[in-house]
Amino acid sequence: MGEEPTTFYVGAFQELVGGAGGLMTVFLIASLLLIMITGLADGSRVLFNMGKEGITIRQMGVLNRRGVPARALVVALVINVLVLVCLKTPLAILVTGNLGYILTHVLAISGFALLRRDRPDLPRPIRLPGFFVPLAWLLAAFMTLVLVVGATGFSATGYGGYKELGVALAVLVTGVLLWVYRTRVQDRRPPE
């Protein structure tokens with residue numbers, strides 16, 4: 001397994017069933033295709049909605065004449081292909097994606113706690129009891145620890161490296177730069 005981390009299933013299936021390793025290869029290819037199609041559909045809809053809501057460039061929030069976010073689909077496809085070419089293994093792609101996923105949780109939980117401290121009387125649709133604020137700080141600290149260990153503790157986690165970290169940070173920085181471009185250049189909104 002250590003020598004072939006992504007294709008050991010074919011050898012294992014060959015040993016178990018005998019002579020049907022090609023069938024397992026077809027199953028693996030089909031599953032990777034399904035994962036990529038699902039990810040592209042999901043990612044393109046997210047990019048489309050971000051473009052409509054003013055979070056990324058305006059050009060992403062456009063549908064073609066058939067109601068498909070074609071521009072966002074092409075951008076999502078290009079990003080996925082570039083990440084696949086740079087990282088080469090599905091596990092590395094998951095590691096890269098999880099960095100942004102965990103970071104969004106840290107920012108959302110911290111944002112909740114900061115808003116409750118700075119603006120406690122702000123109207124909100126759901127009012128939570130007061131013990132949720134220290135719980136939010138605790139969860140934010142825990143998620144930050146998970147983020148730091150996962151992003152830098154390559155020997156502790158057993159996967160990932162500086163290349164995966166660099167690709168993840170490049171994608172996140174690109175997203176922030178596109179938001180700045182949208183707010184300052186396209187929408188001409190003043191800094192808040």
Side-chain angles (χ1 to χ4, degrees), residues 4-7 9-10 24-112 140 143-144 146-152 154 157-189 192:
E4 300 177 31
T6 57
T7 59
Y9 293 109
V10 175
M24 179 53 97
T25 303
V26 170
F27 288 157
L28 283 173
I29 291 170
S31 69
L32 287 173
L33 220 93
L34 183 63
I35 289 168
M36 187 144 191
I37 289 170
T38 305
L40 280 175
D42 184 39
S44 64
R45 280 291 168 183
V46 168
L47 279 173
F48 166 72
N49 284 325
M50 287 172 66
K52 280 187 70 158
E53 293 177 11
I55 299 172
T56 190
I57 57 174
R58 193 174 288 142
Q59 290 79 0
M60 292 296 109
V62 177
L63 296 175
N64 67 9
R65 67 180 187 274
R66 294 187 177 123
V68 176
R71 292 179 184 173
L73 242 161
V74 170
V75 170
L77 178 65
V78 168
I79 290 171
N80 280 330
V81 168
L82 287 174
V83 168
L84 189 62
V85 166
C86 289
L87 299 180
K88 295 184 176 55
T89 65
L91 184 61
I93 294 168
L94 289 174
V95 169
T96 303
N98 283 341
L99 178 73
Y101 184 71
I102 294 173
L103 180 62
T104 57
H105 281 77
V106 169
L107 294 175
I109 294 169
S110 301
F112 160 77
M143 293 298 285
T144 302
V146 168
L147 180 67
V148 169
V149 169
T152 59
F154 309 123
T157 58
Y159 54 83
Y162 289 109
K163 182 166 56 166
E164 288 82 2
L165 181 62
V167 169
L169 291 175
V171 169
L172 291 171
V173 167
T174 302
V176 171
L177 291 175
L178 289 174
W179 173 78
V180 168
Y181 180 80
R182 170 68 187 259
T183 56
R184 302 296 183 264
V185 176
Q186 289 184 333
D187 293 345
R188 301 186 196 287
R189 281 189 269 170
E192 296 177 15

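In this chain, numbering begins with 1 at the start of the sequence shown.
A side-chain contact (heavy atoms from CB on, under 4.5 Å) with L99 is found for one member of L169, V167, T104 and no other, namely L169.
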Q: Apply side-chain contact (heavy atoms from CB on, under 4.5 Å) to the pair V81 and V85, showing each step before the final yes or no.
A: CA-CA 6 Å; V81 168; V85 166; 4.3 Å; yes

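Nearest heavy atoms, G54 versus R189: O-NH2, 3.4 Å. Summarising the geometry of V75 relative to M60, their closest heavy-atom pair is CG2-CE, 3.4 Å, with the distance given to 0.1 Å. Across F48 and A72, no two heavy atoms sit closer than the pair N-CB, 3.9 Å. Between S44 and A76 the shortest heavy-atom distance is N-CB, 4.2 Å.
At least one donor-acceptor pair closer than 3.5 Å links the side chain of N64 to the backbone N or O of R66. Judged purely by atom type and a 3.5 angstrom limit, Q59 has no side-chain atom pairing as donor or acceptor with the backbone of R71. At distances below 3.5 Å, at least one donor-acceptor pair connects side-chain atoms of R182 with backbone N or O atoms of G51. T183 places a side-chain N or O within donor-acceptor distance of the main-chain N or O of V180, the cut-off being under 3.5 Å.
With rounding to the nearest 0.5 Å, the separation of OG1 in T152 from CG in L147 is 8.5 Å. One distance of note links CG of D187 with CD1 of I57; it measures 12.0 Å at 0.5 Å rounding. D42 contributes atom CG, which lies 13.5 Å from atom CD1 of I37 (distance to the nearest 0.5 angstrom). Rounding to the nearest 0.5 angstrom, the gap separating the CG atom in L77 from the CG atom in L82 is 9.5 Å. Distance OH/Y181 to OG1/T174: 15.0 Å, rounded to 0.5 Å. Note that the CZ atom of R45 and the CG atom of L73 stand 8.5 Å from one another [nearest 0.5 Å].
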